[in-house]
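Notes to accompany the following structure.
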Amino acid sequence: MASEERAKDFIREIIDEDIRTGKYGGRVHTRFPPEPNGYLHIGHAKSICLNFGIAEEYGGKCNLRFDDTNPLSEGKEYVNSIMEDIRWLGFDWEDRLFFASDYFDKMYEYAVQLVKAGKAYVDDLSAEEISEYRGTLTKPGKESPYRNRSIEENLELLERMKAGEFGDGEKVLRAKIDMSHPNMNMRDPVMYRIIHASHYRTGDKWCIYPTYDWAHGLEDSIEGITHSICTLEFENHRPLYDWFLDELGIYHPQQIEFARLNLTYTVMSKRMLKELVEGGYVNGWDDPRLPTISGMRRRGYPPAAIRNFCNRIGVSKVNSTIPFEFLEHCVREELNKTAPRFMGVLNPLRVVIENYPEDKVEEMEAINNPEDPSAGTRKVPFSKILYIERDDFMENPPKKFYRLAPGREVRFRYAYLVTCTDVVKENGKVVELRCTVDPETRGGNAPDGRKVKSTIHWVSAAHAIDAEVRLYDKLFTVEDPAGEKEDFKNFLNPESLKVLSSCKVEPSVKNLKPFDRFQFERLGYFCIDPDSSPDNLVINRTVKLRDTWEKIRSKQGSTFSNA
RNA sequence: AGCCCCGUGGUGUAGUGGCUAGCAUAAGGGACUCUGGAUCCCUUGACGCCAGUUCGAAUCUGGCCGGGGCUACCA
């Protein structure tokens, strides 16, 4: 991605300014801090591209840090998938793999420091009581009766909390700030809660765990982060982030918030994604209909397309929603340059070439990628009995339908000019076409220079490989399922997955491996699904090709289709 | 309602007081084509509103309107 001029977003402008003023000695050090309680999705990709991208551009570093402060929901499965996804996207944290849980001892020391300074206290109020005491958006809260315990008592109680002398929820450590602060986050936020659960990394060493607000700034500070980039919903937490670091008097990174990515026709919330996966509405976290990184990988989206997408949507503080079509545009753009082409027929219609010898087979030369001459050519077998796409034939073609029809001549890609002479029907349904080739047009060009309006794809029946092809569509029927009043699952698209089982593809497809991406000419981009086996080829459709005919057809207001 | 944030074509962005407000995408039209793909060309289309400052405001100031966020011992 050479030297293309990227417009500076507001974050890069802040960084430029910080470098100019020497705020961090010219250093740039970011981090990507996922909580290991779910799989990464395209929204995380935006953050990853931002954080790793900035580090790269400024000659700085970007840490991968797992924010694992809640043993109840986090686990190793997620850690592994997250690392795999980041690597697949093309980023490298080198030797900087960190875990918040590695800082638990240090965090505890800091907490003690705050207690000693009279800035934190142990509270015996229950969760419900704390909530009541907090007040509301308009009414100030009131102070806990335990707020003014002596420093000695607080120290002792905190020590006993850590030692496991109390049950879950019996006590918490709170910062002593201001119960009538207009920012709710400043009304004595909880720093430690008691959770008697074993942590996937620290085991049973701890029964008190730090909350996000308490932990996050410390993690950034400990790692020497310069710019702590997070999403907009943490904006109101920044005063607290700053308060902790200032009261402690330790190294103070700068938190900067940007708007998270929203995409139409999907959901991005971890909770909802989890619900879809665990409720069996989709087939796992890597279901190709999901906006997860693993889903998009399985769907056939190239990492370069995702990176490009993230770099092109920009970074700002405006809440916005990107049409999913733009993502698809980026995917096509990348695949057009890189995907080798093949011929495959999704809905086969049998064609018999009447003037072609029974046992003759010709090897036709086909171009692998017209956008990339270095991709070379391959041979495709042609014989008397072929399959073409049902949609490429119409008995009574409407205006502007250029493909095959009775009496009409079209080109069979890389083969011959073919004329349809007869239509065979069973119970009113077209089951076979009788055609003739012009032997003078081998390769696809007529010596007399006559033109045909259209070129269609085909496969030789005797040589075709059977395949299962999975067609994907939008997961939801509405643009913003999460914004609907009803349960978002009520808007699941029942047609988001269609499985075609008797597709016919050209023989060279058998050399492809799972996750290999390619184009079926005139249809779209596809990839081999990992469910594929030598005797059961399974192919995913990544995205359709742009389809002008589809547009014309819908404008004509007709619903002509043989499908 | 208290606090915080944000308003530029349909969508996403650039613009940092001064050329006809740029780019991408989408949409419409055309050229070309052995993929109705790709590519190329053209067209439509935006500064939320009202004042103020200024020779001059998308840009600075104030007010209004509109949108978003915040009342977990989640992150």
Side-chain angles (χ1 to χ4, degrees), chain A residues 7-9 13 33-35 37-38 67 69-70 72-74 123 125-128 130-132 134-141 168-174 180-187 189-195 208-213 215-216 230-239 257 259 264 270-271 312-323 325-326 329-330 332-333 336-337 341 343 366-367 370-371 400-403 410-415 417 443-445 451-457 519-525 544-553:
Chain A
K8 297 249 171 164
D9 51 70
E13 272 172 9
E35 184 192 11
N37 70 344
D67 206 359
T69 56
N70 187 349
L72 265 17
S73 53
E74 298 156 1
D123 196 349
L125 255 30
S126 68
E128 299 73 50
I130 287 178
S131 174
E132 284 164 30
R134 187 157 20 234
T136 67
L137 296 176
T138 47
K139 282 192 294 278
D168 288 0
E170 262 182 62
K171 286 181 168 39
V172 291
L173 182 72
R174 294 228 255 169
S180 57
H181 198 109
N183 180 339
M184 301 290 289
N185 296 127
M186 300 297 272
R187 319 245 259 228
V190 171
M191 296 163 60
Y192 274 107
R193 48 339 186 174
I194 299 171
I195 304 174
I208 57 171
Y209 291 93
T211 57
Y212 170 87
D213 282 317
H216 207 86
C230 62
T231 43
L232 247 31
E233 67 269 26
F234 294 104
E235 215 159 14
N236 292 329
H237 294 244
R238 178 156 29 96
E257 312 85 13
T264 57
K270 254 190 223 178
R271 190 208 96 217
R312 292 221 261 163
I313 53 177
V315 180
S316 75
K317 301 190 73 150
V318 189
N319 290 301
S320 62
T321 303
I322 312 284
E325 289 91 344
F326 186 63
H329 165 81
C330 294
R332 286 194 195 97
E333 184 180 60
N336 176 49
K337 292 184 293 187
R341 271 122 241 229
M343 290 197 284
I367 293 165
E371 305 293 320
K400 293 203 177 166
F401 180 88
Y402 303 142
R403 283 111 91 147
V410 299
R411 174 164 36 240
F412 277 32
R413 180 91 157 145
Y414 299 126
L417 261 35
N445 288 306
K451 302 280 186 212
V452 291
K453 268 288 205 181
S454 126
T455 299
I456 66 174
H457 59 274
Q519 181 191 106
F520 273 142
E521 294 216 28
R522 307 207 309 128
L523 297 177
Y525 296 99
K544 285 195 234 177
L545 243 34
R546 279 187 58 201
D547 191 345
T548 312
W549 166 238
E550 183 93 46
K551 222 180 275 180
I552 295 169
R553 206 175 61 176

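The figures here come from the full heavy-atom set of this structure, side chains too, leaving out hydrogens, waters and symmetry mates. Just so it is clear: chains get the letters A, B, ... in the order the sequence lines come, proteins before strands, and each one is counted from 1.
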Write down the atom of [X], the atom of [Y], and the distance for their closest heavy-atom approach.
X       : Y       : result
Q519(A) : E521(A) : OE1-CA, 3.5 Å
T69(A)  : E74(A)  : N-OE1, 3.4 Å
R341(A) : N336(A) : NH2-O, 2.6 Å
K400(A) : W549(A) : O-CZ3, 3.5 Å
V452(A) : L417(A) : CG1-CG, 4.0 Å

Of A259(A) and T138(A), the one whose closest RNA chain B nucleotide lies more 5':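 Its nucleotide being nearer the 5' end, the pick is T138(A).
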For RNA chain B, whose closest nucleotide is more 5', that of E170(A) or that of N445(A)? N445(A)
Describe the nucleic acid contact of [X] in one word from base, sugar-phosphate, nothing, applying a heavy-atom distance below 4.0 Å.
X       : result
Y192(A) : nothing
P370(A) : base
H181(A) : nothing
I130(A) : base
E257(A) : nothing
S73(A)  : nothing
Y209(A) : nothing
T136(A) : base
L125(A) : base
S316(A) : sugar-phosphate

Tell me whether the ring of Y212(A) lies stacked over the A75(B) base, given a 5.5 Å limit on centroids and a 30° limit on the plane angle.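 Y212(A) vs A75(B): stacking no.
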Any T69(A) side-chain N or O less than 4.0 Å from OP1/OP2 of A75(B):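 So the side chain of T69(A) is within the cut-off, an N or O lying under 4.0 Å from OP1 or OP2 of A75(B).
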Quick one: is U13(B) close enough that its OP1 or OP2 comes under 4.0 Å of any side-chain N or O from S320(A)?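 So the side-chain polar atoms of S320(A) do come within 4.0 Å of the phosphate oxygens OP1 or OP2 of U13(B), strictly under.
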Are any protein N/O atoms closer than 3.5 Å to N/O atoms in nucleotides 40-44 of chain B? If there are, list each pair with its distance.
none

Any side-chain heavy atom of R413(A) within less than 4.5 Å of one from R522(A)?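 No - every pair of side-chain heavy atoms lies 4.5 Å or more apart.
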Nucleotide nearest [X] when distance is taken to its side chain, options [options]:
X       : options                : value
T455(A) : U16(B), U35(B), G2(B)  : U35(B)
R193(A) : G37(B), C70(B), C73(B) : C73(B)
R403(A) : G36(B), G2(B), A75(B)  : G36(B)
R134(A) : U16(B), U35(B), C73(B) : C73(B)

Say you pick atom C1' in A1(B) and the same atom in U20(B); how far apart are they, in whole Å?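 One C1' to the other, the span is 47 Å.
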What integer number of Å spans the C1' atoms of C60(B) and G28(B)?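 Going atom to atom, C1' in each nucleotide, I get 40 Å.
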If you draw a 6.0 Å radius around NZ in K270(A), do more than 12 non-hydrogen atoms from other residues or ligands fall strictly inside?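 Yes - once you tally the heavy atoms of other residues, nucleotides and ligands closer than 6.0 Å, there are more than 12.
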With syn defined as a glycosidic torsion within 90 degrees of 0 and anti otherwise, which applies to A72(B)? syn
Does E371(A) contact U39(B) through a side-chain donor or acceptor facing the base, at a distance under 3.5 Å?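 Such a pair does not exist between side chain and base.
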Between the base of G36(B) and the side chain of R522(A), is there a donor and acceptor pair under 3.5 angstrom? no
How does RNA chain B look in dot-bracket notation if pairs are Watson-Crick or G-U with both distances under 3.5 Å, crossing ones as [ ], other-strand ones as |? .((((((..((((....[...)))).(((((.......)))))....(((((..]....))))))))))).....
By ring-ring contact (aromatic ring centres under 6.0 Å, His included), which residues pair with H457(A), not counting sequence neighbours? none
Results of ring-ring contact (aromatic ring centres under 6.0 Å, His included) for H181(A) - residues two or more places apart only: none
Distance (rounded to the nearest 0.5 Å) between I456(A) CD1 and M343(A) CE: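 The CD1 atom of I456(A) sits 10.0 Å away from the CE atom of M343(A).
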Treating primed atoms plus P, OP1 and OP2 as sugar-phosphate and everything else as base, which nucleotides of nucleotides 3-10 of chain B get B, S or - for protein heavy atoms under 4.0 Å? SSSS----
Please list, for nucleotides 22-27 of chain B, all pairs of protein and nucleotide N/O atoms separated by less than 3.5 Å.
residue	atom	partner	partner atom	Å
A24(B)	O2'	R312(A)	NH1	3.1

